[in-house]
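Presented below is the structure to which this report refers.
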Amino acid sequence: MAQYNASEVESKWQKKWEESGLHSVDLKNSKKEKFYNLVMFPYPSGDKLHVGHWYNYAPADSYGRYMRMKGYNVLEPLGFDSFGLPAENYAIKTGVHPHQSITQNVNQMITQLKRIGTIYDWDKTIVTSTPEYYKWTQWLFLQLYKKGLAFKKFAPVNWCPSCKTVLANEQVQDGTCDRCKSEVTKRDLAQWMFKLSAYAEKLLDFEGLDWPEKTITMQKNWIGKSTGSEITFKAEGIEGSEENIIVYTTRIDTLFGCTYMVLAPEHPLVPIFTTTEQKKNVKQYIEKAKKITDIERSSEVREKTGVFTGSYAINPVNGEKVPIWIADYVLVYYGTGAVMAVPTHDERDYAFAKKYDLPLRIVIADKKQHGEKDGAYCEDGVLINSGTFDGMSSEDARLKITEFLAEKKAATFRTNYRLRDWLLSRQRYWGAPIPIVNCKKCGEVPVLEKDLPVELPNISDFTPLDDGKSPLSKCEEFKNCKCPKCGGPAERETDTMDTFVCSSWYYLRYPNNKLADKPFDKAMMKKWLPVDMYIGGPEHACMHLIYARFINMVMHDLGFVDFKEPFKKLVHQGMITKDGAKMSKSKGNVVSPDEFVEKYGSDVFRMYLMFMGPFQDGGDWNDKGITGISRFVERFWNLVNGKSAEKDSEAVKKALHKLIKKVGEDIETLHFNTAVAAMMEFVNLAMKEGVCEESKKILVKLIAPMAPHLAEECFEGFGEKGSVIDAPWPKYDEKMTVDNVVRLGVQVNGKVRGDIEIEKTTDQKTAIEMAKANPNVAKYLENVTVVKEIYVPGKIIGFVVK
RNA sequence: GCCCGGGUGGCGGAAUUGGUAGACGCGCAGGACUUAAAAUCCUGUUUCAGCAAUGAAGUGUGGGUUCGAUUCCCGCCCCGGGCACCA
C-alpha cells in the first residue's frame, strides 16, 4: 500500500474538478432544491491569504459540501469587495494604480483560494470595483434618491489641519494624524446620507430569522429604541429673538428638578445664545470638543467639562429660568442634541452640576430618603417638589406631565432611536462615483439610469486633496458634464460611495452576475434568494448586517424583491488571533497558511483549523497540534486501503451508526471540532476491531465535506465513478444509536461513590438495590439514615443520608 | 465608559432542559521495533496523599439556590470583539 501523498492527490483532484466543471451550478434547470451558501467576501488588499481566511472559508465550504451531499443544489459563490481604503493604501505604497493592482490581486487571491479546495463557482463571481458591478451600485443609489431616502446634509469629518485632508478613523491614532502626527480636528462638509433612521422600526423586527441571539441583541441596542417626550423650552437669543430649544427625555417625570440645560457644542442654536461676554470661552470650548472622539465624550468616568452661554431658558412646567450651558457629554446625533439637566436624578448631570456648582433639587422620593449629597437617584419613585404632580408615581407622571404640557403645545410623546442615518460620502478616489450632477440652473440632478455607469476615470494622482475634496474634483474631464435635465454645463458630484454600499447588496448579484440590462432578474431572485446560510465575522454584527438588511428592505418596498430579509440563517466564525492580538500587517503577526499547506496538504490544514476549537469561538493560532491531524489522515488512509473485515462486529456496527448521526448533526450545527474527534474515535476502534468495505465507503463519505481530496482519492480507489460529493450522505438507524446498558454513577450526598452497569429501562426499586449492593456505596450507607433515594433513569442514582 | 461574548489539566479543547468533569488531539513519561535514529505501535498522564484500594481538592474569583452546579442567580477580577470613514 502506497503512502498517502497529499500534494499529489490534491492537485490531481483540484485539476479534475475544474476540468469537469464539477462546481459549476446550474441555476435554472436543476430539479434539486436550492441552497444558497454564502460567506462574507474578502477585500483584495495585495496581501496573501492568512490563516484567518482559511479559518473562515474552509469550514463554511465543508458546510456547503455537506448540503450538496444531502441532495441540495448548492450555490457557493465568492467575490471581492475591492473598493475602499485597503486597495488605495496598497496603491499608494506600491505606486501601482488600483485599476491594475485589483485585477492582479484578485487573480492572485483566486489562485490561492483554489488551493483550499472549495466548491466556489467562479463563474458567478463579482468584483465590486468593476463598472459592470458598480453601475448597479449607482443604480441602487438612484432608487433611494428617487424615494427621498438619499439626501445631502452637513456632517463632520476627521480633518488634519496640517495635511489639509479628510482622514478615515483608521488614519487617526490617539487623536493625531498617522502621517504627520498633528492633532486631528473636525470639519463640517456637505455629504450624502441614506435615511437609515426611517427603517429603524422595521429593522427591529427579527421575526423568522435564524440568527445568533447575541447578534440580535447587539442590533437592538445599536438601533436603541426608547420612548419618552420632547419638551419645548422657550429662550431668548442674543438678538432678543424668541427661540425654542427642544429637548428629548425619557424622564419627563423629573422635569421639576431641571436646574439647567445643556446643548451639544455642535448644536445650531449655540451661536444664537452665546452672549458677547461668553463668546471667547464658548469658541475655545467648541474648538476643544472637535478634538475629542465620541467614545471619549460619552464615557461616564471622564471628567465632565462645559461652558455657560450667558443665556437662560424657561422651564415650561413651572416657568423657572434655567441657565443654558454647552457640554461635550451631550452628543448632537442623539435625540435633539439638547438635554434638560436634572442633577439629582441623572449621574452625568450630577457630576457636571457638582463641578460647576449648579443647584440641585430632589423631585423623586425613594424609600431610603435619598439626599442631595448621595449622588443621583436614577430609579423611578414618587414625585415630590413637583407642584400638582406631587405624590404621583414616575410612570404616571411621565404620562400626565407630557399630556399637561401638550395642551400648552410645549411637549409631545416621542419615540427615539440611537440609530443614525448612514453617511455614505467619501472624499476619496477609489470608490463608486455618486451619480449626481450639480447644475447651476437646475440644481442637484440625478444621472439618468440609461447613462450609468458614471465611470471612475483612470487618473494618476489619487492622493487625497488639500481642500477636503475628493481627488476626482481636479479631473476636469470627469467633473465637467452636461445637465441631464437642461443640457447646460454642469459639474459632477466628486465624492464616492462608502464601500458598505457596495457590500449591502452583493448577495443579490451573484446569481445574476452576467446580467447587463438590470441588476437582478425577478425569476432568479425568486428561485435563489434569500441567502440560506450566511457566514462571517461578528465584527459585522451592527454595520454591514444592518446596512444589508436596510437595502434589502428598501428593495422590497420598491417592489424589486419579494422577501424582506436577505439572510435566513446567520453564523459568525470566531477570530483567529496571534499572541492574543488580531492579525494585522501593522502588528506584523500575520501567519501564512502556505508552509503548512505545503507540508501537510490542504485537507490536513483545514481539518486542523476545524479541530482547533469551536468554529464560533476562534482562538489563538499555534501549530502545535497539526501533527495529530496529519497522523489521523495517515491512519485513515491506511485503514481504508488496508485489509477489510468480512463483516463488522456488533460494537463497530453500533459505533458506525452513532458516527453517522454525530457527524451529520455536528456539521449542521458547525461543531466541526467534535465531528473530527468522533471520526478519530471511530478510526481508532476500527483499527483495533477491523471494519468491512461497505463501512469504509460510509466512512469516506462522512469525511468528504472536511477532507474532500482525501475522500475523492479513497472513493476512486473503491472503483466508484464520479465524485464523492454527488454520493448521497449516509443514513443511520436510530435504534442502532442508543445503548440499552449504561454505566450510572451512584452518589451519596452528592459525591460519587461508585458506578454500576444497568439496563436503561430498569425500574427504581431494582436500580436502588443494585446501587446499594456496590461495596463502596454500601460503606457510605452504614450507620446513617437514608432520607431520600434519587433515581433519574440513564443519568444518576443518589442517596441523601443523615 | 457603553453594548456583546468568553475564562475548564502543561496546551487546544469535550461535557450544559442541573446528574460519574477532563472525550478527541498535542505535549510529556515509560516500553516495543531498530546497530542507531526517524517513523510507527503499546501503556500511563487534573493536582495532592497512597504500593494499591481509596480519599481530599478541583471548571477565573467570592457568595447563594439544590440531594447534586462547568451548567441557574447575585457581586467582583481578567481577556476578546464592536462603538458609526478599516472592512
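Chain identifiers are assigned alphabetically (A, B, ...) following the order of the sequence lines, protein sequences preceding nucleic acid strands; residue numbering begins at 1 within each chain. No experiment lies behind these values; they were computed from the predicted model shown.
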Name the orientation of the base relative to the sugar in B:G18: syn if the glycosidic angle is within 90° of 0, else anti.
anti

Ignoring backbone atoms, establish whether A:N776 has a side-chain N or O less than 4.0 Å from OP1 or OP2 of B:G55.
yes

Classify the nucleic acid contact of A:Y780 as base, sugar-phosphate or nothing, counting any heavy atom under 4.0 Å across all strands shown.
sugar-phosphate

Is there, by distance only and without an angle test, a donor paired with an acceptor across the side chain of A:Q747 and the base of B:G19 below 3.5 Å?
yes

If you check the A:K624 side chain, which of B:C85, B:C11, B:C67 turns out closest?
B:C11

Which nucleotide in the list B:C24, B:A87, B:C85 gets nearest to the side chain of A:N158?
B:C85

Does a distance-only test, which skips hydrogens and angles, find a donor-acceptor pair under 3.5 Å between the side chain of A:Q191 and the base of B:C85?
yes

Any base atoms under 4.0 Å from A:F500, or only sugar-phosphate, or nothing? Heavy atoms, all strands.
base

With C1' as the reference atom in both, quote the distance from B:U59 to B:A23 in angstrom, rounded to an integer.
16 Å

Name the nucleic acid region contacted by A:S503, choosing base, sugar-phosphate or nothing; use a 4.0 angstrom heavy-atom cut-off, strictly under.
nothing

Contact class for A:H544 (heavy atom, under 4.0 Å): base, sugar-phosphate, or nothing?
nothing

Atom-pair distance (OH on A:Y791; C1' on B:C67), nearest Å
17 Å

Applying a 4.0 Å non-hydrogen cut-off, can you work out what A:I626 is touching in the nucleic acid: base, sugar-phosphate, or nothing?
nothing

When pairs are called at under 3.5 Å and a stem needs at least three consecutive Watson-Crick or G-U pairs, the stems of RNA chain B are B:1-7 with B:77-83, B:10-12 with B:24-26, B:27-32 with B:40-45, B:46-49 with B:54-57, B:60-64 with B:72-76

Is it the case that B:C85 (base atoms only) and A:Q427 (side chain only) share a donor and an acceptor within less than 3.5 Å, ignoring hydrogens and angles?
yes

Of the nucleotides B:A14, B:C24, B:C86, which one has an atom closest to the side chain of A:N673?
B:A14

A:N749 side chain near B:G68 phosphate (N/O to OP1/OP2, under 4.0 Å)
no

Base, sugar-phosphate or nothing for A:R631? Non-hydrogen atoms, less than 4.0 Å.
sugar-phosphate

Mind checking A:G798 for me? I need base, sugar-phosphate or nothing, with any heavy atom below 4.0 Å counting as a touch.
nothing

